Student: 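Below are the structure tokens for one structure; questions will follow.
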Amino acid sequence: MPSALVVGYDPHAIPGVDADALRAGLDAELTRFGEHGIDAAMTLIVFDESAEPTLVASLTGQPWDVVVVGGGIRKTEQLLPLFEQVVNLIRRHASQAAIAFNTTGGDSVEAAQRWL
């Protein structure tokens, strides 16, 4: 079974949003992966010193076929350093994995399928 890791920004770290509703949407997307025969997991990070060890643990936990980087990390200008860190950590710790980018939290499956 192909595998995918989805890396996103933790909605609980975003002020003024309904974090529980956003998380429910992300969890629904994980369910969709299973419906498409893809073993998937999600790692949510924040822009602080915990980002690197959290992501490295997820990247090295198993060999991933594709890593999907969410728009919450790459579309926010203030998070550009985090986005660069994420891409470089993927290259270093999961070099066998393709890197994909979703457009919303609801099309991560399609982003992964482009590379599986």
Side-chain angles (χ1 to χ4, degrees):
M1 177 181 292
S3 62
L5 175 65
V6 180
V7 180
Y9 201 77
D10 187 343
H12 290 97
I14 304 170
V17 301
D18 185 348
D20 292 334
L22 285 173
R23 180 60 198 248
L26 295 172
D27 289 340
E29 189 67 0
L30 276 182
T31 300
R32 271 190 355 107
F33 274 99
E35 293 167 357
H36 286 84
I38 302 168
D39 178 30
M42 179 173 35
T43 296
L44 299 175
I45 58 174
V46 295
F47 192 23
D48 66 14
E49 66 282 344
S50 70
E52 182 170 343
T54 299
L55 185 53
V56 169
S58 294
L59 291 169
T60 59
Q62 75 175 68
W64 301 103
D65 294 311
V66 62
V67 178
V68 180
V69 180
I73 292 173
R74 50 167 223 294
K75 291 182 178 182
T76 305
E77 188 174 335
Q78 301 92 311
L79 296 181
L80 179 61
L82 178 63
F83 174 57
E84 291 174 340
Q85 181 182 26
V86 166
V87 171
N88 282 294
L89 288 171
I90 295 167
R91 288 183 56 236
R92 189 174 311 129
H93 297 285
S95 59
Q96 78 289 345
I99 301 173
F101 304 102
N102 64 15
T103 58
T104 70
D107 68 357
S108 295
V109 171
E110 290 75 16
Q113 287 176 322
R114 289 194 295 268
W115 294 98
L116 293 174

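Keep in mind the model is a prediction, meaning the values are calculated, not measured.
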Student: Mind checking what makes side chain to side chain donor-acceptor pair (under 3.5 Å) contact with R74, not counting sequence neighbours?
Tutor: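 R74: no side chain to side chain donor-acceptor pair (under 3.5 Å) contacts found.
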Student: Closest approach of A51 and L82, non-hydrogen atoms and distance?
Tutor: CB-CD1, 3.9 Å
Student: Provide the full list of salt bridge (Lys or Arg N to Asp or Glu O under 4.0 Å) pairs with a residue in residues 46-55, sequence neighbours left out, each pair given once.
Tutor: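 Counting only pairs at least two positions apart or across chains, no salt bridge (Lys or Arg N to Asp or Glu O under 4.0 Å) contact touches residues 46-55.
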Student: What residue pairs, at least two apart or across chains, pass salt bridge (Lys or Arg N to Asp or Glu O under 4.0 Å) with a residue in residues 31-44?
Tutor: E29-R32, R32-E110
Student: Just wondering, more than 12 heavy atoms not from R114 lying within 6.0 Å of its CZ?
Tutor: yes
Student: Run the side-chain contact (heavy atoms from CB on, under 4.5 Å) test against L80 and tell me which residues pass, sequence neighbours left out.
Tutor: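 For L80, the residues satisfying side-chain contact (heavy atoms from CB on, under 4.5 Å) (neighbours in sequence not counted) are F83, E84.
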Student: Using the salt bridge (Lys or Arg N to Asp or Glu O under 4.0 Å) rule, collect all pairs that involve residues 96-107, keeping only residues at least two apart or in two chains.
Tutor: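 Passing the test, one end in residues 96-107: no pairs.
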Student: Please tabulate, for side-chain N and O atoms in residues 92-101, each donor-acceptor pair with protein atoms closer than 3.5 Å (sequence neighbours left out).
Tutor:
from	atom 1	to	atom 2	distance (Å)
Q96	NE2	W64	O	3.1

Student: I need the minimum non-hydrogen distance between G72 and T76, along with the two atoms involved.
Tutor: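 So the two residues come closest at O-OG1, 3.3 Å.
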Student: Apply side chain to side chain donor-acceptor pair (under 3.5 Å) to S58 and list each qualifying residue two or more places apart in sequence or on a separate chain.
Tutor: T43
Student: Could you grab the distance from atom CG of L55 to atom CG of N88, nearest 0.5 Å is fine?
Tutor: 11.0 Å
Student: Which atom pairs, one a donor and one an acceptor, fall under 3.5 Å between side chains of residues 8-22 and the rest of the protein, sequence neighbours left out?
Tutor:
from	atom 1	to	atom 2	distance (Å)
Y9	OH	F47	N	3.3
D10	OD1	H12	N	2.9
D10	OD1	H12	ND1	3.4
H12	NE2	D20	OD1	3.1
D18	OD1	D20	N	3.4
D18	OD1	A21	N	3.2

Student: Under the rule for side chain to side chain donor-acceptor pair (under 3.5 Å), what residues qualify as partners of T104, not counting sequence neighbours?
Tutor: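 Listed in chain order: nothing, the list is empty.
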Student: State whether the side chain of D65 and the backbone N or O of A4 hold a donor-acceptor pair below 3.5 Å, judged by distance alone.
Tutor: no
Student: Remaining members of L44's ILVMFWY cluster at a side-chain heavy-atom cut-off under 4.5 Å?
Tutor: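 V6, L26, L30, F33, I38, M42, V66, V68, V109, W115, L116, all in the cluster of L44.
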Student: Would you say that I73 contacts I45 through its side chain, given a criterion of any heavy-atom pair below 4.5 Å between the two side chains?
Tutor: yes
Student: About how many Å separate CD of Q85 and CG of L79, when rounded to the nearest 0.5 Å?
Tutor: 11.0 Å
